[in-house]
Asker: 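Dropping the structure in here first, questions after.
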Amino acid sequence: MMKKNEKEFERMVHTHKSTIYTVCYMFSKDQDEVNDLFQEVLMNLWINFDTFQGRSDIKTWIYRVSLNVCVSLDRKKRKTVRRVPLRIDMNPFEDTDNNSLQMEMLRKRIARLGPFDRAVIMLWLENMSYDDIGAVMGISAKNVSVKLYRIKEQLRKMSDEAERK
């Protein structure tokens with residue numbers, strides 16, 4: 001029979017798995033790497049589950065742990081030798097409609113941002129309030145506003161550069 005904590009943890013993961021997956025996906029598009037990040041986040045959540053004191057919303061805590069794990073592993077990955085993925089010229093599962101192509105272009109531009117900016121824009125795209133984003137990122141809501149303005153400007157510049165090519 002499962003202990004109370006294990007059941008609570010399982011319920012929490014079931015409720016918030018899409019949040020965790022979204023954060024992991026923002027740091028890698030490689031499915032194996034996303035799965036590895038997801039597992040690493042789950043391990044960190046489990047290790048720290050007993051220390052969660054409820055001072056913030058559970059979703060805020062999950063975002064914070066997920067982002068810390070992904071940013072930390074992203075930094076380590078950048079310091080190691082890059083692997084070159086095998087490329088196939090065709091993907092039968094790839095969407096080719098205009099919305100899918102635009103979403104992919106946006107994802108690639110967001111991937112060019114630094115880890116902190118990537119996290120801020122991802123939380124904003126998840127429709128989180130500035131106060132909640134600030135709580136997750138450890139900055140004020142006003143600072144979130146300034147950061148988002150600058151990030152959007154960076155993304156606009158990337159878009160303008162792409163159009164000129």
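Since the model is a prediction, treat every value here as computed from it, not as a measurement. Residue indices begin at 1 and follow the sequence shown. All heavy atoms count here, side chains included; hydrogens, waters and symmetry mates do not.
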Asker: Within this structure, what is the OH-CZ distance for the pair Y21 and F38, rounded to the nearest 0.5 Å?
Answerer: 9.5 Å

Asker: Short question: side chain of S72, backbone of V69 - any donor-acceptor pair under 3.5 Å?
Answerer: no

Asker: Evaluate the side-chain proximity of I139 to F116: yes if any heavy-atom separation is below 4.5 Å, no if none is.
Answerer: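 SC-SC contact between F116 and I139 confirmed.
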
Asker: Just do the side-chain contact (heavy atoms from CB on, under 4.5 Å) check on W124 and I151 with the steps written out, would you?
Answerer: CA-CA 11 Å; W124 180 75; I151 292 167; over 6 Å; no

Asker: Under 3.5 Å, is there a donor-acceptor pair linking the side chains of N35 and Q39?
Answerer: no

Asker: Assign the ring pair W61 / F52 to parallel, tilted or perpendicular, where the plane angle (0 to 90°) is split at 30° and 60°.
Answerer: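 The rings of W61 and F52 sit tilted, inter-plane angle from 30° to 60°.
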
Asker: Do you know which two heavy atoms are closest between N5 and F49, and how far apart they sit?
Answerer: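 Where N5 meets F49 most closely, the heavy atoms are O-CE2, 3.6 Å.
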
Asker: Give a yes or no on whether a salt bridge exists between R156 and E153, defined as a side-chain N under 4.0 angstrom from a carboxylate O.
Answerer: yes

Asker: Determine whether a donor-acceptor pair (N or O, by modelled atom type, separation under 3.5 Å) exists between the side chain of D30 and the backbone of E33.
Answerer: yes

Asker: Please tell me whether V65 and I58 are part of a single hydrophobic cluster in this structure, the criterion being side-chain heavy atoms less than 4.5 Å apart.
Answerer: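 Both belong to a single hydrophobic cluster.
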
Asker: Any side-chain heavy-atom pair from F27 and V71 closer than 4.5 angstrom?
Answerer: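 Touching, per the 4.5 Å side-chain cut-off.
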
Asker: For atom NZ of K152, is the number of surrounding heavy atoms from other residues, nucleotides or ligands below 6.0 Å larger than 12?
Answerer: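 More than 12 within 6.0 Å, yes.
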
Asker: Can any side-chain N or O of N44 pair as donor or acceptor with the backbone N or O of E40 at less than 3.5 Å?
Answerer: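 Confirmed, N44 side chain pairs with E40 backbone.
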
Asker: Would you check if I133 and Y63 make a side-chain contact, meaning some heavy-atom pair closer than 4.5 Å?
Answerer: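 With C-beta onward as the side chain, the pair stays apart.
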
Asker: If I compare all heavy atoms of Y25 with all of V34, which pair ends up nearest, and what's the gap?
Answerer: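 For Y25 versus V34, the nearest heavy atoms are CA-CG2, 4.1 Å.
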
Asker: Please report the shortest heavy-atom distance between A119 and M137, naming the atom on each side.
Answerer: CB-CE, 3.7 Å

Asker: Calculate, to the nearest 0.5 Å, the distance between atoms CG and NZ belonging to L42 and K17 respectively.
Answerer: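 Spacing of CG (L42) from NZ (K17) equals 11.0 Å.
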
Asker: Salt bridge check, E104 against R107: does any charged N sit closer than 4.0 Å to a carboxylate O?
Answerer: yes

Asker: What distance separates L123 CG from R64 CZ, expressed to the nearest 0.5 Å?
Answerer: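 Rounded to the nearest 0.5 Å, the CG-CZ separation comes out at 10.5 Å.
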
Asker: As an exercise, state the distance from CD1 of I110 to CG of L125, rounded to the nearest 0.5 Å.
Answerer: 5.0 Å

Asker: Can any side-chain N or O of D117 pair as donor or acceptor with the backbone N or O of L113 at less than 3.5 Å?
Answerer: no

Asker: Ignoring hydrogens and angles, tell me if any N or O in the side chain of S66 forms a donor-acceptor pair with the backbone of I62 under 3.5 Å.
Answerer: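 Pair found, side chain donor or acceptor close to backbone of I62.
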
Asker: Is T22 reaching over with its side chain to a backbone N or O of S18, donor-acceptor style, under 3.5 angstrom?
Answerer: yes

Asker: Mind listing the closest non-hydrogen atom pair of M26 and M122 along with its distance?
Answerer: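 Distance-wise, the nearest heavy atoms are CG-CG, 3.1 Å.
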
Asker: Please tell me if the side chains of V41 and V23 come closer than 4.5 Å, counting only heavy atoms from C-beta onward.
Answerer: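 Of all side-chain heavy-atom pairs linking V23 with V41, none is under 4.5 Å.
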
Asker: Drop me the distance from R11's CZ to K7's NZ, to the nearest 0.5 angstrom.
Answerer: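 So the gap between those two atoms works out to 8.0 Å.
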
Asker: Rounded to the nearest 0.5 Å, how far apart are CE of M158 and CZ of R112?
Answerer: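 Those atoms lie 4.5 Å apart.
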
